[in-house]
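Below: one structure, written as structure tokens.
Order of listing sets the numbers, starting from 1, for every ligand and every atom in it.
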Amino acid sequence: MTHYQNPLDVTDLSSWKALGDHRLAMQNFSMRDAFATDPKRFESMSVSACGLFLDYSKNLVTPETLSLLFNLAREAGVEQATRAMMTGEPVNASEQRPALHTALRRPMGESVMVNGQNIMRDVHTALAQMTDIVSRIHNNLWRGFSDKTITDVVNIGIGGSFLGPQLVSEALLPFTQHGVRTHYLANIDGSEFREVTAKLNVETTLFIISSKTFGTLETLKNAQAARTWYLGKGGTEEKLYRHFIAVTSNKQAAIDFGIREKNIFPMWDWVGGRYSLWSAIGLPIALAIGMSNFKDLLSGAYSMDCHFQNEPFERNMPVLLAMLGVWYHNFWGAQSYAFLPYDHYLRNFVKHLQQMDMESNGKSVRQDGTPVSCNTGPVIWGGVGANGQHAYHQLLHQGTPLIPADFIVPVVSHNPVADHHEWLYANCLSQSQALMLGKSRTEAEAELRAKGLDEAEVQRLAPHKVIPGNRPSNTVVMETISPGRLGALIALYEHKVFVQGVIWGINSFDQWGVELGKELGKAVYNRLTGYDSPPAEDASTQGLVDYFRGRHRG
Ligand code: F6P
């Protein structure tokens, strides 16, 4: 029986119990001391792969810790689970579907069977369809209703139909070609609609309606508003097809909207929304950076897939990040995880990671429906450095919770300005160093005395200047951000999330938890807009409905 049919209770495993015992033994572990006693710690706790360099030496681990964590990964069946995912087994048990986002970046020639069909043919047919439209738009062969070329592309989509494409097109801005500008319209808030369309010329704008289901409220409302805007600005019904295309698995709904069949790009049930940027959902990316760069993105992710499948755990980046996360989450009580990219172009990376991690592992029943026996998915947060140092790093350094952090930084900037990048890089390293070293009471007092403060002042201020230190972080370094390295980086975190889901016995590929809010939203909408609706189930909701309708405005 495999992990998705009969998930283990991970807390029953001997390797889990061994880690619990080891945690007690690690109570007084000091990273400072570990570096002092082992001059090879950095070399032995770092790994290179797929254009990325991972330094995981600033962690609360010894070689024994790592060995015990790898034992847990083995005993929990990570290797078997990985093979099951990669070969198209229904690892998404509740929906009885495979999770084959890795097939989207596999080269031609490999075959992956789903329901008796080799899906690789479909994958490469879709890539060819993408190549055709990107080429026609980039070569000015695609014209709008007034025969002008396309200058702006608006992706109408939300969640996985937006966050991945937005992250990548922003991160690869230096690779844009042909001047096609990409915009993202996701929220149902009319202010976003106004802000986006205010910049647009209806004659030169192409809307991509990206929705796996073609049933998401926000997306459909925005698509309808976009059509109204297009017609209101002089667009014609007759040539609407030149300004609206779709990416969806619900072809009929797209046709009903008015999309020409040949302008509908496929999505498949065996790709989850938050894992779909590698499919035609990535069309805004390809229109921004060109198909050649898009294929480099795919091959970078493919290289990480191969690394993940073939490398022993000891040298396996996704497994290392996953098991370190389990170590802090399940044995050190960490409840959240910080992502701190020190690069302007990666400033929205954490938003994509939030959906990827929290929508995948924010679960409390295992694959077989039984309750989990340990904490599962952490809160994912973070933001761009160095800005965070002037916002929330105080808590990371002197707050009460333990919050592990991943720093991500390129060695070379796309935009050198004086010595700015040296300072940015220095700040990234010094933040992880400060988290690890901290500042002892003795050091704080000495520092204050050296400033000439009298002893009373020294004793008064010293406690406030002590920094606990011994706080773990990883640092991922790359030469410079490129399509290939970005593809590898995103795939790295996809596989980290997958491994953690296997350890916790949960399904990382469904998202039943989002359905209730959608259902209740329709009832609240009816109460806001209708006058014969029954009162809300609770006084709070009804009171807020009444407030909206002006009954209780102050
Ligand atoms: O409601 C959550 C969700 O289903 C995400 O998983 C998905 O990425 C997003 O909504 C958009 O879904 P669709 O692509 O079907 O519009």
Side-chain angles (χ1 to χ4, degrees), residues 91-101 104 126 130 153-169 184-189 192-193 207-227 244-257 259 264-285 348-363 377 380 490 493-494 497-498 501 506-522 524-525:
V91 296
N92 174 354
S94 70
E95 295 179 301
Q96 298 177 320
R97 290 174 182 170
L100 275 166
H101 44 288
L104 297 170
M130 290 174 71
V153 168
V154 180
N155 183 78
I156 300 178
I158 199 165
S161 297
F162 142 67
L163 289 168
Q166 181 192 52
L167 153 68
V168 175
S169 51
Y184 292 91
L185 176 56
N187 203 348
I188 196 164
D189 181 340
E192 186 175 53
F193 183 86
F207 290 98
I208 307 176
I209 304 172
S210 297
S211 176
K212 181 175 175 181
T213 56
F214 219 89
T216 302
L217 173 78
E218 297 88 345
T219 301
L220 294 184
K221 296 294 285 182
N222 276 322
Q224 287 153 13
R227 176 166 48 186
F244 287 84
I245 64 176
V247 183
T248 185
S249 62
N250 187 344
K251 187 181 276 193
Q252 190 52 54
I255 291 169
D256 295 345
F257 180 86
I259 310 284
I264 299 173
F265 295 77
M267 275 192 78
W268 301 282
D269 278 349
W270 38 264
V271 177
R274 52 193 173 273
Y275 298 94
S276 63
L277 73 88
W278 321 99
S279 71
I281 285 289
L283 199 49
I285 302 168
N348 282 316
F349 188 36
V350 72
K351 289 182 189 168
H352 176 59
L353 288 179
Q354 283 178 320
Q355 185 194 11
M356 185 203 292
D357 200 313
M358 294 164 81
E359 194 168 77
S360 294
N361 289 345
K363 313 284 169 66
I380 302 297
I490 297 170
Y493 282 101
E494 287 180 344
V497 166
F498 170 71
I506 58 181
N507 181 349
S508 298
F509 299 109
D510 61 9
Q511 54 283 325
W512 299 105
V514 302
E515 300 307 321
L516 176 60
K518 293 179 183 179
E519 288 151 25
L520 293 176
K522 292 171 192 159
V524 174
Y525 173 83

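Remark: of the listed residues Gln354, Glu494, Glu359, His352, Glu359 is the sole one forming a side chain to side chain donor-acceptor pair (under 3.5 Å) with Arg274.
Taking 4.5 Å as the limit, some side-chain heavy atom of Pro284 sits within range of a side-chain heavy atom of Ile208.
Side-chain polar atoms of Asn92 and Asn507 form a donor-acceptor pair below 3.5 angstrom. Using a 3.5 Å distance cut-off with no hydrogens or angles, the side chains of Gln252 and Asp256 do pair a donor with an acceptor.
The single protein non-hydrogen atom nearest to atom 10 (O) of ligand 1 is Lys518 NZ, 4.5 Å, given as residue, atom name and distance. What sits closest to atom 9 (C) of ligand 1 on the protein, heavy atoms only, is Ile158 O, 3.7 Å. Scanning all protein heavy atoms for the shortest distance to atom 14 (O) of ligand 1 gives Ser161 OG, 2.6 Å. In this structure, atom 13 (P) of ligand 1 lies nearest to the protein heavy atom Thr216 OG1, 3.3 Å. The single protein non-hydrogen atom nearest to atom 6 (O) of ligand 1 is Glu359 OE1, 2.7 Å, given as residue, atom name and distance. In this structure, the protein non-hydrogen atom closest to atom 15 (O) of ligand 1 is Thr213 OG1, 2.7 Å.
The closest approach between any non-hydrogen atom of Gln355 and ligand 1 is below 4.0 Å.
A cation-pi geometry, defined here as NZ or CZ lying under 6.0 Å from the six-membered ring centre and within 45° of its normal, holds between Arg227 and Phe257.
Salt-bridge annotation for Asp510 and Lys363: present, with a side-chain N of the basic residue lying under 4.0 Å from a carboxylate O of the acidic one.
For ligand 1, the atoms lying closer than 4.0 Å to a non-hydrogen atom of Val514 are 1 (O), 2 (C). Every atom of ligand 1 with a heavy atom of Gly160 under 4.0 Å away is listed here by number and element: 7 (C), 8 (O).
Closest non-hydrogen pair, Ile490 versus Phe349, comes out as CG1-CE1, 4.1 Å.
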